[in-house]
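Convention: sequence-line order gives letters A, B, ...; per-chain numbering from 1.
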Number of protein chains: 2
Amino acid sequence: MRILIVEDDADLARQLKSAFKDAGYAVDVAKDGEEGHFLGDTEPYDAVILDLGLPLIDGVSVLQKWRADGKKFPVLILTARDQWSEKVAGFDAGADDYLTKPFHVEELMARLRALLRRAAGHTTDTIELGDLMVDNRAARAFVDGMAIKLTSHEFRLLSYMAAHKGRVISRTELVEHIYDQDFDRDSNTIEVFVGRLRKKIGTERIETVRGLGYRLLDPDMESSD
Amino acid sequence: MRILIVEDDADLARQLKSAFKDAGYAVDVAKDGEEGHFLGDTEPYDAVILDLGLPLIDGVSVLQKWRADGKKFPVLILTARDQWSEKVAGFDAGADDYLTKPFHVEELMARLRALLRRAAGHTTDTIELGDLMVDNRAARAFVDGMAIKLTSHEFRLLSYMAAHKGRVISRTELVEHIYDQDFDRDSNTIEVFVGRLRKKIGTERIETVRGLGYRLLDPDMESSD
DNA sequence: GCATATGTTCAGAAACCGTTCAGGGGCCGA
DNA sequence: TCGGCCCCTGAACGGTTTCTGAACATATGC
């Protein structure tokens, strides 16, 4: 999962980035409203954390522009204490949740997880595909009830594919959601990771769709198609 | 485990803080309703002790606000003798237990332990993981029936991990529940403590999940792997 | 069977984690 | 009040895992 943090306080931004990276997200940071708006417009984020008090363009305006452009990603806004009017404006502009500063990182993470879950149309932190189970909260996966050991990138890959099970996902899309901005796309890391994942969860679970990408099969939904 | 005490009587607050610290908790104290509400809103406590008679904002209102904001931590309220109506209001507002003043510190500790137990889904004060036993009541741990000597931070670490056994816990989360408010997060103290703990309870009991955090293994649940 | 797309293997690099240790602070006993 | 002891902190260093990118191998479709 890839998220964008728009926050001008450099310390806070760094802290958040590190915490979310620890939790297995790919994280980009924008330091002002303009950069934030640009990134959100051009990169495919799964969720955005948006501070409302920003240099250049204020948060509410950024959010309005995104929504006007048809951007659907969930947005969690950060407001200063007692900025009640801003908070309301934020919701009107299309925010999905808010948190008042100062807040606790853990709470922010929990809320973001909830947003991502809602966005993916799930009600729990776990996704099941036949006898494969992906637990996003514990960052663990099970095959037939047995835990399998995954590295953090392997898990990100699996987690993203599980959130979009049954759909063909292009290499580009995977790269974009697993890595943050600066990454050299001319490499075959995705193939490598898919290979490693297959070795661990069973080759047949990930179908290759030549020329398009990969698909994580959901045994409960096959037959039709 | 990290708790918040909201109590305006300075003497009592100090006494409680010291008692709970001795028992191995990380403790924050708030002196009035406003500060209490703010802390509870922003820090991830495992439980809260809340006096109902408070300056600035009364206890019941504080509690109501927390619950309205979706805070789930267990709350134990302290009431003056014969304030029956307050007590009822407290329960309606979402309290989990109460104690009337004056009380014995020991009873308060016992009730708080019970709340923490329930929150973690246990029925006793001790948690067992194979031949490792964590006794939250006595703040001690045993391996194979033999007591092991743990420093207070070592015990906090173990206790928190035991309450969430089997789950991956990030460094960030550990820091937040083991320390009280002021702590510089850019250090490797967690690694150091994990190292020391491992030396005492056995290296293999704490699994490192690279890039994510640590997991306390429960031999009764591993079956696989 | 050729060309292109995908899979596999591997080694160097980078990130991450464990260990050790010294300095400092707090607590306790003298 | 002073000294000693224990514990905590933060930094440095070294080992290990994981990631990356490339080279080579195999599969697929034309």
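- No donor-acceptor distance shorter than 3.5 angstrom exists from the side chain of B:K165 to the backbone of B:L129, with no hydrogens or angles considered.
- Between A:S152 and D:dC19, a side-chain N or O to OP1/OP2 separation shorter than 4.0 Å is present.
- Side-chain atoms of B:Y25 and B:D180 include no donor-acceptor pair closer than 3.5 Å.
- In this entry the distance linking CG of B:L150 with C1' of D:dC8 reads 15 Å, nearest Å.
- Residue A:N188 contributes atom CG, which lies 16 Å from atom C1' of D:dA27 at whole-angstrom precision.
- With sequence neighbours excluded, the residues that form a side-chain contact (heavy atoms from CB on, under 4.5 Å) with B:A141 are B:I148, B:L150, B:L158.
- At whole-Å resolution of the value, CD1 in B:I190 and P in D:dG10 are 11 Å apart.
- The shortest distance between the side-chain N/O atoms of B:S187 and the OP1/OP2 oxygens of D:dA11 is not below 4.0 Å.
- Between A:Y179 and the phosphate of D:dC19, there is no side-chain N or O to OP1/OP2 separation shorter than 4.0 Å.
- Ring orientation note: the planes of B:H37 and B:W66 are close to parallel, at an angle under 30° on the 30°/60° scale.
- For the atom pair B:L56 CG and B:E35 CD, the distance stands at 9.5 Å (nearest 0.5 Å).
- Checking B:D135 against B:T126 by side-chain atom types alone, no donor-acceptor pair falls below 3.5 Å.
- Taking every heavy atom of residues 205-213 of chain A and every atom of DNA chain D, pairs under 4.0 Å involve A:R210, by number.
- Atom-to-atom, NE2 of A:H153 to C1' of D:dT18 comes out at 9 Å; the value is rounded to the nearest Å.
- DNA chain D is contacted by B:F193, B:R196 of residues 193-202 of chain B, taking any non-hydrogen atom closer than 4.0 Å.
- Under the ring-ring contact (aromatic ring centres under 6.0 Å, His included) criterion, no residue pair touches residues 195-215 of chain A, with sequence neighbours excluded.
- Ionic pairing of A:R198 and A:E204 is not present here: no N-O contact between side-chain nitrogen and carboxylate oxygen is shorter than 4.0 angstrom.
- In this model, no donor atom of one side chain and acceptor atom of the other lie less than 3.5 Å apart for A:D22 and B:S170.
- In this structure, A:L174 atom CG and D:dT20 atom P are separated by 14 Å, rounded to whole Å.
- One can place NZ of A:K149 at 12 Å from C1' of D:dT16, the figure rounded to the nearest angstrom.
- Checking each of A:Y160, A:F73, A:Y45 against A:H177 for a ring pair (Phe, Tyr, Trp, His ring centres under 6.0 Å) leaves exactly one that passes, namely A:Y160.
- The footprint of chain B on DNA chain C, defined by a heavy-atom cutoff below 4.0 Å, extends from C:dA15 to C:dT20.
- For B:A139, the side-chain contact (heavy atoms from CB on, under 4.5 Å) test picks out B:F155, with sequence neighbours left out.
- In this structure, B:E191 places its CD atom 18 Å from P of D:dG14, rounding to the nearest Å.
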